[in-house]
Amino acid sequence: MSRFFAPVIAIVAGLLVLVGYFFPTNSLAALRMIIVQWAVILAGAAIFVGVLNLLSVHVKKIGNKEKGRGYSLLLIISLLITFVLGMVLGPNNPIMTNIFNAIILPVETSLMAVMAVTLIYAGIRLLRHRNDLMAIIFLLTALVVMLGSAPLPFYEIPLVGSYIRPKIISIFASSGARGILLGVALGTLLTGLRILIGADRPYGGK
Amino acid sequence: MSLPTIAGFILVAFSAILLIGLSLLKDKVKASFRNIPAFAKFNKALGTAVENGTRIHFSLGSASVASSRTAASFSTISVLRRIVELSAASDKPPLATSGDAALTILSQDSFRTAYRIAGAEQQYNATSGRLAGVTPFSYAAGTLPAIHDEDISANVLAGSFGVEVGLLSDAAERTQSFTLAAADSLPAQAVLYVSAQEPLIGEELFASGAYLNAGRVHHVSLYAQDVLRWLIVIALIIGAVMKLLEGML
């Protein structure tokens, strides 16, 4: 039964939101807002299910004595402590803010720093992977743009920062980016339409 | 209604008519697509994974289903379902990680549907679709152990990513597993071009369903996408010529 109702509900809700966007009459706009608010509430409830999924994955990992189970235990303990503190103190309490500012933020920032090193290494490795003209152009362009942007210690290379880099960014990079984004936008549009007409159902059923 | 809204409505309506019209024509539409070696290599990696009893990892990205960037992940979910159907007989099922809880639930649903279609419902395991983290970098951090420790031989990193996808493609490179990677954002595409074994650029991300035979509608959709792209190219050229003539007159 759900295999019949799920697509019907999804298609009707999707069409109402789309029509409400293009023809924002009072009743359609209100209906659109209600459906979007329901979606937000459902997404909130989904986070709870997601956290349970995360817990079950790591409990299973500990139970099966898999590699990295120590980290899984640490994750579960941290999750439970944060959850209990959040429930008791509320999300705006200074302790909760400190947990975010002193633990989560620095860890994510350090991952960003690792990312920078990873990219330099990947750049060096690129020519080994893909020894073609496009890879060489990619690396040379990246080098010129970096030389044009970075504050150099002694003197600036003539023309690179003042002429070549702005030309690369305003002509080649922006026109290429627009082309790529147009392609992505068309892909997004058709994926949305496939789902809207029920031809593609990421919510189950076939 | 403002002019951009009218233009948007015309584009959406025309695309819908084109998609439905081409779908109704069924086999009369013989679309032939250019060769993208990454998909042929992925098919080979899929065969190897089934033979060797290793896993295929799908990374769906971290866009919320309530955001406009989730289309990329939805496109990959269709491929995931197809691959699960094909590899239902494998010892180790594919693994899907995502950075959004609703996307995790959808991936689990796709696993269940695929196993039902393949007649192997007993194979379904809820932990095959996982929430790895709820922010982009926590998602990357949560996915890294899966790439390293779960016997993965091929990775499909396709969805909505930021630059954090570089950490995933680097981890895949270190484990010497095959990586097919695509993202919807420009910074992520630049990172993947440098770090991934087989990067897909731009709209190629949305072509994966057609190239991996996820269903006829994906072929039709890609065909419609090509038609629309040519129309936009023609419109851009006409616009440029008109602008040029306006400057000359």
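Convention: sequence-line order gives letters A, B, ...; per-chain numbering from 1.
- Most heavy-atom pairs under 4.5 Å with chain A: of the set B:Arg112, B:Gln197, B:His148, B:Glu173, this distinction falls to B:Glu173.
- Going from atom CD of B:Gln225 over to atom OG1 of A:Thr188 covers 8.5 Å, rounded to the nearest 0.5 Å.
- The residue from B:Arg69, B:Gln189, B:Glu204 that alone fulfils the side chain to side chain contact (heavy atoms under 4.5 Å, CB included) condition with A:Val184 is B:Gln189.
- The two residues A:Thr191 and B:Ala71 make their nearest non-hydrogen contact at CG2-O, 3.5 Å.
- Residues B:Gly202 and A:Ile180 approach most closely at CA-CG2, 3.7 Å, considering heavy atoms.
- Contact record, B:Ala16 with A:Leu193: N-CD1, 3.6 Å, taken as the closest heavy-atom pair.
- Put simply, of A:Ala185, A:Ala43, A:Ala122, the one with the most heavy-atom pairs under 4.5 Å next to chain B is A:Ala122.
- For B:Leu236, the part lying near chain A is the side chain, with the backbone staying farther off; criterion is any non-hydrogen pair under 4.5 Å.
- When heavy atoms are compared at a cutoff of 4.5 Å, B:Ala140 does not approach chain A at all.
- Few gaps surround CG on A:Asn98; more than 12 heavy atoms of other groups in view lie less than 6.0 Å from it.
- Between chain B and the residues A:Ile104, A:Leu190, A:Leu126, A:Leu54, the most heavy-atom pairs under 4.5 angstrom are made by A:Leu190.
- Residues passing the side-chain contact (heavy atoms from CB on, under 4.5 Å) test with B:Thr5, sequence neighbours excluded: A:Phe22, B:Met1, B:Ser2.
- Taken to the nearest 0.5 Å, the OG atom of A:Ser174 stands 11.0 Å off from the CG atom of B:Leu186.
- Closest non-hydrogen pair, A:Arg194 versus B:Ser75, comes out as NH2-OG, 4.2 Å.
- In terms of non-hydrogen atom pairs under 4.5 Å with chain B, the most contact-rich of A:Ala135, A:Gly183, A:Ala39, A:Ala142 is A:Gly183.
- Ranked by non-hydrogen atom pairs under 4.5 Å with chain B, the options A:Gly187, A:Gly68, A:Gly123, A:Gly50 are led by A:Gly187.
- Residue A:Leu186 holds its CG atom at 8.0 Å from CD of B:Glu203, rounded to the nearest 0.5 Å.
- A donor and an acceptor atom, one from each side chain of B:Thr104 and A:Asn53, are nowhere located under 3.5 Å apart.
- Evaluation of the salt bridge (Lys or Arg N to Asp or Glu O under 4.0 Å) rule for A:Arg125 yields B:Asp170 as partners, not counting sequence neighbours.
- With a 4.5 Å cut-off on non-hydrogen atoms, B:Ala224 touches chain A through its backbone and its side chain both.
- Of the listed residues (B:Pro136, B:Ala141, B:Ser73, B:Ser15), the one with the most heavy-atom contacts under 4.5 Å to chain A is B:Ser15.
- Between chain A and the residues B:Leu205, B:Val191, B:Leu222, the most heavy-atom pairs under 4.5 angstrom are made by B:Val191.
- In this structure, A:Arg130 satisfies the cation-pi test against B:Tyr193, with its NZ or CZ atom closer than 6.0 Å to the six-membered ring centre and inside 45 degrees of the ring normal.
- Contact annotation for B:Leu228: both backbone and side-chain heavy atoms come within less than 4.5 Å of a heavy atom of chain A.
- For a residue to count as touching a neighbouring chain, one of its non-hydrogen atoms must lie under 4.5 Å from one of that chain's; by this rule A:Ile197 touches chain B with the side chain only.
- No part of A:Tyr71 comes within reach of chain B, as not one of its non-hydrogen atoms sits under 4.5 angstrom from that chain.
- For the pair A:Leu111 and B:Glu164, the minimum side-chain heavy-atom distance is 4.5 Å or more.
- Within a 6.0 Å sphere centred on OH of A:Tyr21, heavy atoms belonging to other residues, nucleotides or ligands number 12 at most.
- Of the listed residues (A:Leu75, A:Ile195, A:Leu189), the greatest number of heavy-atom pairs within a distance under 4.5 Å of chain B belongs to A:Leu189.
- If you take CZ on B:Arg81 and CZ on A:Arg201, they are separated by 8.5 Å, rounding to the nearest 0.5 Å.
- Annotation: side chain of A:Thr118 is not in contact with side chain of B:Ser195 (no heavy-atom distance under 4.5 Å).
- Nearest heavy atom pair, residue B:Val194 against residue A:Leu119, reads CG1-O, 4.3 Å.
- Residues B:Phe74 and A:Asp200 fail the side-chain proximity criterion, which asks for heavy atoms closer than 4.5 Å.
- No other option in B:Thr135, B:Val134, B:Leu103 has as many heavy-atom pairs under 4.5 Å with chain A as B:Thr135.
- Of all heavy-atom pairs between B:Val217 and A:Ala199, the closest is CG2-CB, 3.4 Å.
- Counting heavy-atom pairs closer than 4.5 Å to chain B, the top residue among A:Val57, A:Val114, A:Leu139 is A:Val57.
- Among B:Ala102, B:Ser221, B:Gly142, the residue with the largest count of heavy-atom pairs under 4.5 Å with chain A is B:Ser221.
- There is no contact between A:Leu196 and chain B, counting heavy-atom distances below 4.5 Å.
- B:Asp149 has its side chain out of reach of A:Glu66: every pair of non-hydrogen atoms, C-beta onward, lies at least 4.5 Å apart.
- Of the two parts of B:Val233, neither the backbone nor the side chain holds a non-hydrogen atom closer than 4.5 Å to a non-hydrogen atom of chain A.
- Between chain A and the residues B:Gln108, B:Arg130, B:Glu150, the largest count of heavy-atom pairs under 4.5 Å involves B:Arg130.
- To the nearest 0.5 Å, atoms NZ (A:Lys61) and OG1 (B:Thr127) are separated by 11.0 Å.
- For chain A, the nearby part of B:Asn125 is the side chain; its heavy atoms alone come within less than 4.5 Å.
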